[in-house]
A.B. asks: 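If you scroll down you'll find the structure; I have some questions about it.
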Amino acid sequence: MACRQLWASRAASYLRISLLNRPFSTVLKDLKYADSHEWVKVDGNSATVGITDHAQDHLGDVVYVELPEVGANVTQGDAFGAVESVKATSDINSPVSGKVVEVNEELSSSPALVNSSPYKDGWIIKVELSDNGELNNLMDSDKYSKFCEEENSSH
C-alpha cells in the first residue's frame, strides 16, 4: 500500500497535480480556484474557466450545461450559467470579471465532458480579463485542497 501511495505521489508531482484524501479528486497546481468550486487558468489577458473535479464529483453525471453568449460580460462571484446533473442544478459563478470571448460549444452535445475532463475538454468559457488584480482573491492549489478537505469534514 505504501509503495502505491509513493508511486501516486510521484506521478502526481510529475503531472503537476495534488492528490486530495478523497478518491479521484484532483487539483491542478497551475490554476486558481474560487470557493464556489470554479477554476481559472490565466494566459496573459485571457482566462479559461470551468468547474473543478471536486464540484463535478459532487454533482454527479452532468446532463446539461447552460452557456452564456459570446460577448456577454461576467463579474467575479456572479453566476453566468448553470450545470444540470442527475442530482441537482447548480449555478456556475465566474472566478474573474471580463468579456466572454468563447464558449465550449462541445458541451451542448457532450455535457459529460465536464465529468470526464473537467480541466481540459470540459472547460466552459474563455474570458478577456478586465481586472487581473481579481486573481488575488482566488485560492492557489494548496489552499483549495485544504478548503475542500475542510468542507468534506463538515458534511
Side-chain angles (χ1 to χ4, degrees), residues 4-62 65-68 74-83 85 87-88 90-107 110-155:
R4 255 191 283 167
Q5 285 183 325
L6 179 61
W7 178 87
S9 294
R10 285 184 180 156
S13 177
Y14 177 77
L15 295 172
R16 300 185 61 201
I17 59 175
S18 298
L19 297 177
L20 294 176
N21 289 338
R22 324 175 37 251
F24 308 117
S25 283
T26 55
V27 176
L28 300 186
K29 289 185 178 181
D30 58 344
L31 305 179
K32 292 285 200 169
Y33 299 89
D35 60 7
S36 51
H37 302 287
E38 292 84 16
W39 58 264
V40 60
K41 180 175 184 170
V42 177
D43 183 15
N45 201 37
S46 177
T48 303
V49 174
I51 67 168
T52 65
D53 188 37
H54 179 84
Q56 72 78 25
D57 185 55
H58 282 276
L59 281 169
D61 295 335
V62 174
V65 180
E66 179 187 316
L67 300 168
V74 293
T75 303
Q76 186 176 54
D78 288 352
F80 67 80
V83 177
S85 73
K87 289 183 184 178
S90 181
D91 284 341
I92 308 167
N93 297 323
S94 185
V96 293
S97 297
K99 183 179 182 178
V100 177
V101 294
E102 189 177 348
V103 297
N104 189 349
E105 297 288 352
E106 223 166 294
L107 296 179
S110 302
L113 287 172
V114 170
N115 296 113
S116 62
S117 182
Y119 298 115
K120 189 176 176 199
D121 299 328
W123 64 273
I124 298 172
I125 61 172
K126 293 190 180 186
V127 176
E128 182 182 306
L129 295 172
S130 62
D131 182 1
N132 283 18
E134 288 181 337
L135 296 170
N136 296 327
N137 301 332
L138 302 173
M139 293 178 268
D140 64 16
S141 60
D142 291 336
K143 285 182 183 172
Y144 182 69
S145 293
K146 287 180 182 133
F147 175 79
C148 290
E149 288 171 14
E150 289 169 7
E151 190 177 74
N152 285 342
S153 67
S154 69
H155 287 250

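Starting from 1, each residue takes its place in the sequence as its number.
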A.B. asks: What is the distance from atom OG1 of Thr48 to atom CG of Leu31, rounded to the nearest 0.5 Å?
C.D. replies: 9.5 Å
A.B. asks: Could you check whether any side-chain heavy atom of Ile124 comes within less than 4.5 Å of a side-chain heavy atom of Ile51, counting everything from C-beta outward?
C.D. replies: yes
A.B. asks: Look up atom CD in Glu106 and atom CG in Leu67, then write down how far apart they are to the nearest 0.5 Å.
C.D. replies: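 The CD atom of Glu106 sits 12.0 Å away from the CG atom of Leu67.
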A.B. asks: Look only at the side chain of Asp43 and the backbone of Ser46, and say whether a donor-acceptor pair between them is shorter than 3.5 Å.
C.D. replies: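 No; judged by distance alone, with no hydrogens or angles, the pair does not exist.
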A.B. asks: Supply the atom-to-atom distance Gln56 CD to Ser117 OG, rounded to the nearest 0.5 angstrom.
C.D. replies: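 Output value for this atom pair is 10.0 Å.
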A.B. asks: Do Leu28 and Tyr33 pass the side chain to side chain contact (heavy atoms under 4.5 Å, CB included) test, and can you show the C-alpha distance, the side-chain angles, and the key distance before you say yes or no?
C.D. replies: CA-CA 10 Å; Leu28 300 186; Tyr33 299 89; 3.7 Å; yes
A.B. asks: Measure across Pro118 and Trp39 and return the closest heavy-atom pair with its distance rounded to 0.1 Å.
C.D. replies: O-NE1, 3.1 Å
A.B. asks: Are the ring centres of His37 and Phe147 closer than 6.0 Å?
C.D. replies: yes
A.B. asks: Is it true that a side-chain atom of Asn45 and a backbone atom of Glu128 form a donor plus acceptor pair closer than 3.5 Å?
C.D. replies: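 Checking the backbone N and O of Glu128 against the side chain of Asn45, no donor-acceptor pair under 3.5 Å is found.
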A.B. asks: Could you tell me which non-hydrogen atom of Val101 sits nearest to which non-hydrogen atom of Val127, and how far apart they are?
C.D. replies: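 Of all heavy-atom pairs spanning Val101 and Val127, the closest is CG2-N, 4.2 Å.
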A.B. asks: Taking all non-hydrogen atoms of both residues, which atom of Val103 and which atom of Pro68 are closest, and how far apart?
C.D. replies: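 Closest pair (atom of Val103, atom of Pro68, distance): CG1-O, 3.3 Å.
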A.B. asks: Less than 4.5 Å apart, side chain to side chain, heavy atoms only: is that true for Ser85 and Asp61?
C.D. replies: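 The answer is no, as the side chains (C-beta and beyond) never meet within the 4.5 Å cut-off.
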A.B. asks: In Å and rounded to the nearest 0.5 Å, what is the CD to CG distance from Glu151 to Asp35?
C.D. replies: 9.0 Å
A.B. asks: Over 60° means perpendicular and under 30° means parallel, so tell me whether Tyr144 and His54 are parallel, tilted or perpendicular.
C.D. replies: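 Ring orientation, 0 to 90° scale: perpendicular.
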A.B. asks: Hey, is the main chain of Ala55 close enough, under 3.5 Å, to the side chain of Thr52 for a donor-acceptor pair?
C.D. replies: yes
A.B. asks: Would you mind reporting whether Leu138 and Val40 have side-chain heavy atoms less than 4.5 Å apart?
C.D. replies: yes
A.B. asks: So Leu59 and Ser90, do their side chains get closer than 4.5 Å, heavy atoms only?
C.D. replies: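 Touching, per the 4.5 Å side-chain cut-off.
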A.B. asks: Do Val49 and Phe80 come close enough that some side-chain heavy atom pair is under 4.5 Å?
C.D. replies: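 Sidechains of Phe80 and Val49: in contact.
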A.B. asks: On a heavy-atom basis, which atom in Asp53 and which in Tyr119 lie closest, and how many Å separate them?
C.D. replies: N-OH, 3.2 Å
A.B. asks: Give the minimum heavy-atom separation between Val100 and Ile125, together with the two atoms involved.
C.D. replies: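 Looks like CG2-CD1, 4.2 Å.
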A.B. asks: For the residue pair Asp91 and Glu38, what are the closest heavy atoms and their distance?
C.D. replies: O-OE2, 4.2 Å
A.B. asks: Could you go through the side chain to side chain contact (heavy atoms under 4.5 Å, CB included) check for Val96 and Leu135 one step at a time?
C.D. replies: CA-CA 7 Å; Val96 293; Leu135 296 170; 3.8 Å; yes
A.B. asks: Do Asp121 and Ser116 have side chains that get closer than 4.5 Å, going by heavy atoms?
C.D. replies: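 No; the side chains remain at least 4.5 Å from each other.
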A.B. asks: Determine whether more than 12 heavy atoms belonging to other residues, nucleotides or ligands lie under 6.0 Å from atom CD of Glu102.
C.D. replies: yes
A.B. asks: Would Gln76 and Ser94 count as a side chain to side chain donor-acceptor pair (under 3.5 Å) here? Give the steps.
C.D. replies: CA-CA 5 Å; Gln76 186 176 54; Ser94 185; over 6 Å; no
A.B. asks: To the nearest 0.5 angstrom, please state how far the CG atom of Asp30 sits from the OG atom of Ser141.
C.D. replies: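 Interatomic distance, Asp30 CG to Ser141 OG, rounded to 0.5 Å: 8.5 Å.
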A.B. asks: CG/Asp142 to NZ/Lys29 distance, rounded to the nearest 0.5 angstrom?
C.D. replies: 7.5 Å
A.B. asks: Kindly confirm or rule out a cation-pi arrangement of Lys126 over Trp123, judged by NZ or CZ under 6.0 Å from the six-membered ring centre and within 45° of its axis?
C.D. replies: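 Yes, cation above the ring, under 6.0 Å and within 45°.
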